[in-house]
Structures are given as structure tokens and as C-alpha cells.
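Notes follow once the structure below has been shown.
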2 protein chains.
Amino acid sequence: MPRDGLTTDQIVRAAIDLLDADGLDGLTMRGLGQRLGCAATAVYWHVENKDNLVRLAVDELWREVRLPDLEANDWRAAATEMATDLHAMVTRHPWLLQALATHLVYGPGKARHDDHLFAVYERAGFVGEQADRAVGAVFVFVLGNAVGPAATVALNRRLRRDGGDAEQVLGEAVARATDLAASYPRLSARLPSPTDDVNAVFAGTFEFGLAALLDGLQARLPDQETAAS
Amino acid sequence: MPRDGLTTDQIVRAAIDLLDADGLDGLTMRGLGQRLGCAATAVYWHVENKDNLVRLAVDELWREVRLPDLEANDWRAAATEMATDLHAMVTRHPWLLQALATHLVYGPGKARHDDHLFAVYERAGFVGEQADRAVGAVFVFVLGNAVGPAATVALNRRLRRDGGDAEQVLGEAVARATDLAASYPRLSARLPSPTDDVNAVFAGTFEFGLAALLDGLQARLPDQETAAS
DNA sequence: GACAGGAATTGAACTAAGTGCAAGTCACCC
DNA sequence: GGGTGACTTGCACTTAGTTCAATTCCTGTC
């Protein structure tokens, strides 16, 4: 049992690793202790409880996200970059979606990110409530895109825990879907073959939707002519 | 203990009530039994396990959603109606977001709904992959909008469970946010007053974002060569 | 160099929750 | 009225968050 060296930072980083692998329920204090080479309860000296640990982990994620240079780009490029970076982050850490849906989290990391978001959209010409709504719309769109990845993580966790062959389980799911889609020709035409990556269905949705959403927002700018360049 | 009358349907309905009140973690088999006036384990005769119960509950929700008449409306009105109805449903049952993020769910209810969605977007002129992406983009946007309501439910659950004054907890959260926003003028200007409804921040975001997104999608219709490229 | 005191860690134990199991209970049919 | 099968129950096992008293380690002080 290595004595010293257990820091809050280490704990948060290990927690993020476990969360990435198995989602919000996959993080257990005992598992965390095992990974850190200490007793599960040792963590409680550094962190109040699991909820707060998750809060810390969430805020750590926000810190990871790059903020684009506001001077160098037009708002559209900056907004796209921020949304894309955020999407990459949430895809890598889909438990963030679960965390935001179950914890009231507002830490310094998110404040920093939010401020930059508002800067981009205000520079575009959005003012007041409209800026709030534009920022909010893009934000929830990005978050919604994490539902698929989160489900994939949850599925993998189930497979790892209950044993069971991934191929077989997925095959059965596809078979069930095929069965369900039988009465709907539009769905039958879209069924993924069992060899496909399940996530392939979602590929491209984000880029396509983001571009469309930003187009629509841009068209709603109070002063369109000056913003177009 | 009333003997007969325990049906799967009753169980699912009671489960939905509990889920609405307290979210995914708020549904416990013991609590469900108590509500139904039977032992917790009685449920297991009708339902394989909690996971499957959630699956049944999810599919029941899909069945609730109305499907607009395709003949009567143009695609834009139909798409708006479907998204709005879906939004209303997810807002009423925010645990659906959690369920979709942790369970692979594809039941008859969702198949029915998806088919209608594709019908609307194909009628608009979207074809193939583009239809998939348009449908997917709107869908994840609607889901993302449920994060706020889900967090609110989780907060209320915490308050109810741990005791504690809602006013006070919210007041502290606002105070913390104010503190965090101190270094960011854009955020300070947007702080909700403690008397505001927290959800008021999100009000309007959905309608605004949906209209913008549909505008953007419409501009991407294959037969529309009007938009600058 | 011994030691006091605080920092950090540990194992045992309590609680809540999902669930398997074997025994019990009821309704209905011969 | 007794058997059969559908349904229900209490008990107990397991996992997980958390508390707590006890223990160990480090550090500064005499």
C-alpha cells in the first residue's frame, strides 16, 4: 500500500478514466480505490462524497476544452470550432451527459467556457435574450449528440459485467429491430447490417445538423448584412 | 394486500409515475411494490428485471405521442408539430433521456414514431442519408433540451430525500454562481435572480432553436439550389 | 533521537437497493 | 374436496455509498 501521493487531482483523473470506461454507474468507490491502490474509504478524506467527486470530474473536463482565438476568426468559424471541440469532448466522455442530467454543476471550468461562448455569439451580433437562446440551442444540440455514445458505453459495460458475446448480443438486437421494422418499409430500408458499426448510423449527423443550425441562427441575426463577410 | 389485479400494465404505469417524480434512480423495486400495495418481489413475476421494466416504460411513452396527419399539413408544420410534441413528452418525462443514454431501447412504440418521422422528412424532399441526418439532428436537439428538466427532477429528489430547504439550497447555488461569474462580465449580466424559476432560463430556447434548425435543414433540401454555396 | 500531534489511511459495519429462491396462498377445474 | 398452476411473499445474498473508531505515518519541536 503506497502511502503518500494520493492527491485530489490523482483521484479525479482516475475517476475520469473509470467514468470513460463504464459511465456514471461504472464508477464505484471500491473500484476507484482498487485502481488507486488504496482502500475505497481513503478517497473520502480528499473528497466529500461521490456526488462531489463527479462534480470535480465534470469541471476538469471543461478545463480541457480549447477556446478559439476570438480575434483571428469570424464568428461562424469560432462557433463551429467551439461546438466541434465540445462535441469531441462529450463523445470522448459521454458520462458528462448523465452527470449534467443528474447533478447541478456549475463550476469555474464551465463559467470560463460559457463566457467564451457568449463572447462569440455577441460578436456575431446576437444581443440579450437572443444570444442566450442561440448559445443554448447549440449547446443542447451538442449534448443530445452524446446520447448514442453514452448508450454504447452502457452496453459495453453490461457485456463486460454479465459476460456474453458482443457479436451475439448485437446480432440479436439487430434481429429484433428487423422484426419491429417489418411493418414499416421506411425503417426496413434503413436497417444496419449486423457487421456495421452501430455508431456509423450517427456519423455525419452532428456536422450536418450543426451547419444547418448555425445557418438558421445566422439568418436570425438582427443585422444580417453586416455579419456576412 | 389486494390479491389479484396486478398486471404488467399497472406496473408500467406505476413505474412511470415514480420515474416522473424522481428520475431513473428514484424508481426502486421496493418503492414500486409499496405503491402497488404488494411485495417488491411480486413485480418479478410480471417483469424480468428493472432494466426490462424501464424498457417497457420507455416504449409506453412513445405510444403516448401523437402523430400528425401527413396529408393535411406541409412538411414544415408536420415536422414542427412532431418535434414540439416530442419535446413536451420529454419535458414531462425527463428520465427518458437517462433511459436512452443507458439502455439500448428499440421497441414498437419508437418504430412507429420513427417511421412517421421519416415519412415527414422524405415528403419534404430529403433522401437517403440526408433524411437520416435531418431526422437525427432534430431528434438529438429535442433530447438535449431535456437535460435541464432532468437536472431539476434530480435536485428535487435530493431535497426530498436529504431534507433541506429548497429556497436555501437554490439561494446558495445562485450565490456560488454569482461568485464564479464575478470575473466574467458577460455571465454576471445574465445571472438569474434567486426568485426566478431556474427553468425560465431555458424557456424559449427550444422554439427558437427548432425554428432555426428547420430553416437550416430546409435550405439544404436537394431541390433547393437557391442558397449560396 | 524521542515524541506529540495532526494528516492520511484502513477495516469493520450500517444502510439501501436489485434480485434469486423456496415456500406459501389463492382461484379454479375435475 | 383436492390438485394444479398462477401468483405472491419473506428471507437472504450481493453490490455499493458511507460512517467511524482505530491505526499508521509524517513532521516539526525539544
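Side chains are part of it too, since the values below use all heavy atoms of this structure and drop only hydrogens, waters and symmetry mates. We name chains A, B, ... by the order of the sequence lines, and we start the count at 1 in each one.
We find that CD of A:Q10 is positioned 13 Å from C1' of C:dA8, with the value rounded to whole Å. Here the P atom of nucleotide D:dT9 and the CG atom of B:L36 are 10 Å apart, to the nearest Å. The distance from atom CZ of A:R157 to atom P of D:dT15 is 13 Å, rounded to the nearest whole Å. As rounded to whole Å, 13 Å separates atom C1' of C:dT19 from atom CG of B:N52. Rounded to whole angstrom, the span from the CH2 atom of B:W45 across to the C1' atom of C:dA22 amounts to 17 Å. Distance, B:E48 CD to C:dT19 C1': 12 Å, rounded to whole Å. Between the NZ atom of A:K50 and the P atom of D:dT19 there is a distance of 14 Å, given to the nearest Å. In this entry the distance linking CG of A:D162 with P of D:dT15 reads 13 Å, nearest Å.
The two residues A:G136 and B:T205 have their closest heavy-atom pair at C-CG2, 3.7 Å.
In summary, B:D25 and B:R157 do not engage in a salt bridge, as defined by a charged side-chain N under 4.0 Å from a carboxylate O. The residues B:R55 and B:D59 are annotated as not salt-bridged, no charged nitrogen and carboxylate oxygen being separated by less than 4.0 angstrom.
When each of C:dT9, C:dG18, D:dG17 is scored by its nearest atom to the side-chain atoms of A:Y44, the top-ranked nucleotide is D:dG17.
Separating the CG atom in A:L67 from the CG atom in A:D115 is a distance of 9.0 Å, to the nearest 0.5 Å.
A donor N or O paired with an acceptor N or O is found under 3.5 Å between the base of D:dG10 and the side-chain atoms of B:T41.
Ranked by how close their nearest DNA chain C nucleotide is to the 5' end, A:A39 and B:A40 are led by A:A39.
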Note to self: With salt bridge (Lys or Arg N to Asp or Glu O under 4.0 Å) as the criterion, how do B:R190 and A:D114 come out once you've worked through the C-alpha distance, each side chain's angles and the decisive distance to 0.1 Å?
What the structure shows: CA-CA 11 Å; B:R190 282 164 219 280; A:D114 278 358; over 6 Å; no

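Listed pair B:H46 / D:dT8 meets the phosphate criterion, a side-chain N or O lying under 4.0 Å from OP1 or OP2.
In the region residues 21-35 of chain A, proximity to DNA chain D at under 4.0 angstrom, judged on heavy atoms, holds for A:L27, A:T28, A:M29, A:R30.
Each side chain to side chain donor-acceptor pair (under 3.5 Å) pair with one or both residues in residues 34-48 of chain B, not counting sequence neighbours, appears once here: B:D17-B:R35, B:E48-B:N52.
For A:K50, the salt bridge (Lys or Arg N to Asp or Glu O under 4.0 Å) test picks out no residue, with sequence neighbours left out.
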